[in-house]
Amino acid sequence: MEFWSLLVRTVIIYFVVFLIMRFMGKREIGKLSVLDLVISVMIAEIAVIVIEDVERPMWDGILPMVVLMLIQLASAIVSMKSRRLRLLLDGKPNVIIEKGKINKDTMRKQRYNLDDLLLQLRENKISSVADVEFAILETTGKLSVIPRDNTAAADESNDGNENGFNEENLSSPTETEQPKLKAEWRKNIIPPNFRFEILPIPLIMDGKVQDENLSKIEKTRFWLKNVLQEEGVTDFKDVFFCTIDHRGKLFVDMNKRRPN
């Protein structure tokens with residue numbers, strides 16, 4: 001008898017939860033804000049308690065779930081009319097990358113690390129931070145990426161700013177020699193039979209050299225130091241983030257210098 005009671009309760013609670021989620025709207029299914037997550041977890045916990053405790057009336061679980069649904073619907077309706085409340089409940093997006101420059105302060109505030117950044121850049125088919133015009137961390141935790149215009153990125157990289165590393169600065173060839181030397185320089189960075197496991201390949205993260213990745217591309221700290229010195233970098237600790245992509249293109253993002 002207890003088996004059939006458990007079976008019936010499971011089926012009933014399943015349909016109750018299904019209807020509640022449907023009433024809460026597609027927005028709640030498509031993305032979860034903090035409030036959405038809290039209510040979803042609470043509904044799931046209540047459903048489990050009601051199913052397991054066959055002695056407890058089902059209304060003890062159905063009523064709280066309906067109340068939670070009404071709270072969610074009310075907050076959604078009010079937030080549609082009040083942007084201030086919407087920002088309070090959902091938060092606001094944060095710019096993680098702006099014009100190829102990583103916003104380290106924002107990452108720190110959001111407790112968003114470099115591995116998370118690389119993961120979501122790969123999901124957006126971006127192989128280098130230098131290729132990003134804007135990367136915005138949405139309130140749902142998703143990273144929205146706006147790629148850089150290739151022409152604008154090329155012009156800016158020629159200025160030799162600190163946002164990205166330009167391998168053309170390694171020498172001063174003539175206009176006819178430049179494309180050949182540039183292609184040869186890139187070719188010599190990545191070994192011919194190298195198997196990419198991650199893109200871009202981190203060489204420095206938070207001022208710490210990633211020796212394992214350097215050894216994979218058959219390079220040393222001495223090589224990396226010489227390359228960075230071409231950009232005026234004398235200490236690895238001055239570099240917040242440095243990567244190399246499949247084209248042999250380096251990206252360097254500097255730490256902010258503290259005043260003496």
Side-chain angles (χ1 to χ4, degrees), residues 95-104 106-108 110 112-137 141-154 156-170 182-231 233 236-255:
V95 177
I96 300 296
I97 301 174
E98 182 176 355
K99 297 182 179 179
K101 179 70 175 178
I102 299 175
N103 192 331
K104 294 174 281 293
T106 300
M107 289 183 64
R108 192 177 300 111
Q110 298 300 319
Y112 189 78
N113 59 54
L114 289 170
D115 290 314
D116 294 332
L117 178 61
L118 291 177
L119 170 64
Q120 295 197 306
L121 286 178
R122 289 193 297 273
E123 290 178 345
N124 284 277
K125 300 180 180 180
I126 299 295
S127 61
S128 175
V129 178
D131 297 332
V132 179
E133 183 73 15
F134 288 100
I136 303 169
L137 185 63
K142 178 182 178 182
L143 190 71
S144 299
V145 178
I146 301 173
R148 302 190 78 173
D149 178 73
N150 293 332
T151 304
E156 189 168 322
S157 63
N158 289 334
D159 295 335
N161 61 31
E162 67 173 2
N163 293 344
F165 177 83
N166 184 11
E167 65 271 24
E168 293 175 6
N169 295 330
L170 291 177
K182 182 177 177 182
E184 186 66 24
W185 189 85
R186 287 181 174 179
K187 180 180 178 181
N188 293 333
I189 290 183
I190 305 298
N193 298 325
F194 178 74
R195 182 178 179 182
F196 287 92
E197 297 176 354
I198 185 175
L199 272 175
I201 304 170
L203 301 181
I204 300 177
M205 299 179 74
D206 294 320
K208 297 179 181 179
V209 178
Q210 306 298 303
D211 293 297
E212 182 179 353
N213 291 336
L214 271 176
S215 63
K216 286 181 179 179
I217 62 173
E218 301 177 6
K219 300 298 178 183
T220 63
R221 285 191 175 212
F222 180 75
W223 170 84
L224 181 59
K225 187 173 183 178
N226 286 338
V227 172
L228 292 177
Q229 282 179 343
E230 296 290 337
E231 287 296 298
V233 181
F236 292 135
K237 293 181 180 179
D238 293 336
V239 179
F240 174 67
F241 193 42
C242 175
T243 64
I244 186 171
D245 65 13
H246 62 288
R247 300 183 298 268
K249 182 179 179 182
L250 285 173
F251 170 83
V252 178
D253 189 83
M254 302 295 293
N255 274 316

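In this text, all values refer to a predicted model and were calculated from it rather than measured experimentally. Note that these values count all heavy atoms, side chains included, but never hydrogens, waters or copies made by symmetry.
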### Summary
Heavy-atom closest pair (R221 atom, F236 atom, distance to 0.1 Å) is O-CZ, 3.7 Å
### Task
Taking the side chain as every heavy atom from C-beta outward, state whether V129 and D253 have any atom pair closer than 4.5 Å.
no
### Summary
Heavy-atom closest pair (N255 atom, K237 atom, distance to 0.1 Å) is ND2-O, 3.0 Å
### Message
side-chain contact (heavy atoms from CB on, under 4.5 Å), that's the test. Do K216 and N213 meet it? Break it down for me.
### Response
CA-CA 5 Å; K216 286 181 179 179; N213 291 336; 4.2 Å; yes
### Message
If I compare all heavy atoms of Q210 with all of K208, which pair ends up nearest, and what's the gap?
### Response
NE2-O, 3.0 Å
### Task
Apply side-chain contact (heavy atoms from CB on, under 4.5 Å) to the pair K249 and D131, showing each step before the final yes or no.
CA-CA 11 Å; K249 182 179 179 182; D131 297 332; 3.8 Å; yes
#### Entry: L114 vs P202 side-chain heavy atoms within contact, under 4.5 Å
no
### Message
Can you tell me which residue among V132, I96, T243 is in a side chain to side chain contact (heavy atoms under 4.5 Å, CB included) with L121?
### Response
V132
### Message
Do L203 and C242 make a side-chain contact, defined as non-hydrogen atoms from C-beta onward lying under 4.5 Å apart?
### Response
yes
### Message
For a 4.5 angstrom cut-off between non-hydrogen side-chain atoms, does L143 reach L117?
### Response
yes
### Summary
Output for pair (L119 CG, N124 CG), nearest 0.5 Å, gives 10.0 Å
### Query
Stepwise, does the side-chain contact (heavy atoms from CB on, under 4.5 Å) test hold for L224 with K219?
CA-CA 8 Å; L224 181 59; K219 300 298 178 183; over 6 Å; no
#### Entry: Which atom of P200 lies closest to which atom of S127, heavy atoms considered
CB-O, 3.0 Å
### Query
Would you call I102 and F251 a side-chain contact if the rule is heavy atoms closer than 4.5 Å?
yes
### Query
Roughly how far, to the nearest 0.5 Å, is CD1 of I244 from CD1 of I217?
4.5 Å
### Task
Return the minimal non-hydrogen interatomic distance between N113 and D115, and the atom names on each side.
OD1-N, 3.1 Å
#### Entry: Side-chain heavy atoms of M205 within contact of F241, under 4.5 Å
yes
### Query
CD of E212: more than 12 outside heavy atoms within 6.0 angstrom?
no
### Message
To the closest 0.5 Å, what do you measure between CG (L250) and CD (E230)?
### Response
11.5 Å
### Under 3.5 Å: donor-acceptor pair, side chain of Q110, backbone of R108
no
### Test item: L214 and W223 side chains (from C-beta on) under 4.5 Å apart, heavy atoms
yes
### Task
State, yes or no, whether a side-chain contact exists between Q120 and L137 at a heavy-atom distance under 4.5 Å.
yes
## Note on the structure
Of all heavy-atom pairs linking K99 and R148, the shortest is O-NH1, 3.6 Å
